[in-house]
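Here the structure is laid out as structure tokens; the discussion comes afterwards.
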Amino acid sequence: QVQLQESGPGLVKPSQTLSLTCTVSGVSITTNFFYWSWIRQPPGKGLEWMGTIYYSGTTYYTPSLKSQTSISRDTSKNQFTLQLTSVAPEDTAVYYCVRTRSTWYHDYWGQGTQVTVSS
């Protein structure tokens, strides 16, 4: 029932802004006590939580990325978005949108979208 789908560019140039959208079906992103997160996985590395937007709209970010990360939502479209500014090659990764139930627990995942940062 619950499905998440990432969309956005697969290639971004260094110093530019990456913008990804997650379209959610089967559940409203405003449903109480559900949270919506972005997680990424660089090649050969582990998963990195980037940030979360609560059902209320409140956002939280990992400290290392907070200054360049913004998560927002469009409730009319049941979507939430990721913007990552000033990207660098180290930001190359597969980016996932997920539903978060609690810290460290994400029960639904999008299929992931590959983003490459290269000039």
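The structure displayed is predicted, hence computed values, not measured ones.
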Check residues 39-47 and write down every donor-acceptor pair under 3.5 Å in which the side-chain atom is one partner and the other belongs to a residue at least two apart or another chain.
from, atom 1, to, atom 2, distance (Å)
Arg40, NE, Glu48, OE1, 2.7
Arg40, NH1, Asp91, OD1, 2.8
Arg40, NH1, Tyr95, OH, 3.0
Arg40, NH2, Glu48, OE1, 3.2
Gln41, NE2, Lys45, O, 2.9

Going only through I, L, V, M, F, W and Y residues with side-chain contacts under 4.5 Å, is there a path from [X] to [Y]?
X      : Y     : value
Ile53  : Val27 : yes
Val98  : Leu84 : no
Val12  : Leu65 : yes
Ile29  : Tyr96 : no
Trp109 : Trp49 : yes

- prompt: About how many Å separate OG1 of Thr59 and CZ of Phe80, when rounded to the nearest 0.5 Å?
  reply: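 One finds 12.5 Å between CZ of Phe80 and OG1 of Thr59.
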
message: As an exercise, state the distance from CG of Leu82 to CD1 of Ile71, rounded to the nearest 0.5 Å.
response: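 Between atom CG of Leu82 and atom CD1 of Ile71 there are 6.0 Å.
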
message: Test: salt bridge (charged side-chain N to carboxylate O under 4.0 Å, His left out). Region: residues 53-78. Which pairs qualify, not counting sequence neighbours?
response: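 The answer is none; no pair qualifies.
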
message: Regarding Thr100 and Thr52, do their side chains bring together a donor and an acceptor under 3.5 Å, going by distance alone?
response: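 Checked: Thr100/Thr52 side chains show no N/O donor-acceptor pair below 3.5 Å.
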
message: Name the residue from Trp36, Tyr35, Tyr54, Trp38 that meets the ring pair (Phe, Tyr, Trp, His ring centres under 6.0 Å) definition with Tyr60.
response: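 With Tyr60 as partner, ring pair (Phe, Tyr, Trp, His ring centres under 6.0 Å) holds for just one option, Tyr54.
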
Heavy-atom check, side chain of Leu11 versus side chain of Ser118, under 4.5 Å: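 Sidechains of Ser118 and Leu11: in contact.
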
message: Among residues at least two apart in sequence or on other chains, which ones pass salt bridge (charged side-chain N to carboxylate O under 4.0 Å, His left out) with Asp107?
response: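 In terms of salt bridge (charged side-chain N to carboxylate O under 4.0 Å, His left out), with neighbours along the sequence ignored, Asp107 is linked to Arg99, Arg101.
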
query: Checking side chain to side chain contact (heavy atoms under 4.5 Å, CB included) for the pair Tyr55/Asn32: CA distance, chi angles, key distance, verdict?
result: CA-CA 6 Å; Tyr55 57 92; Asn32 286 0; 3.7 Å; yes

query: Which pair of heavy atoms, one from Val2 and one from Tyr108, lies closest together, and at what distance?
result: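 Closest pair (atom of Val2, atom of Tyr108, distance): O-CD2, 3.6 Å.
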
query: Under 3.5 Å, side chain of Gln1 to main-chain N/O of Gly26, donor-acceptor pair present?
result: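 Side chain of Gln1 to backbone of Gly26, a donor-acceptor pair under 3.5 Å: no, none is there.
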
task: Spell out, as yes or no, whether a donor-acceptor pair under 3.5 Å connects the side chain of Asn78 to the backbone of Thr23.
output: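 A pair under 3.5 Å: no.
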
task: List in chain and number order the residues that pass side chain to side chain contact (heavy atoms under 4.5 Å, CB included) with Gln5, two or more places apart in sequence or in another chain; answer none if no residue qualifies.
output: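 With neighbours one apart ignored, the set is Gln111.
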
query: How would you list, by chain and number, every residue that makes a side chain to side chain donor-acceptor pair (under 3.5 Å) with Thr30, sequence neighbours excluded?
result: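 Partners of Thr30 under the side chain to side chain donor-acceptor pair (under 3.5 Å) test: Ser28.
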
Listing, residues 13-22 side-chain donor-acceptor contacts under 3.5 Å, not counting sequence neighbours, or none:
from, atom 1, to, atom 2, distance (Å)
Gln16, OE1, Lys13, N, 3.4

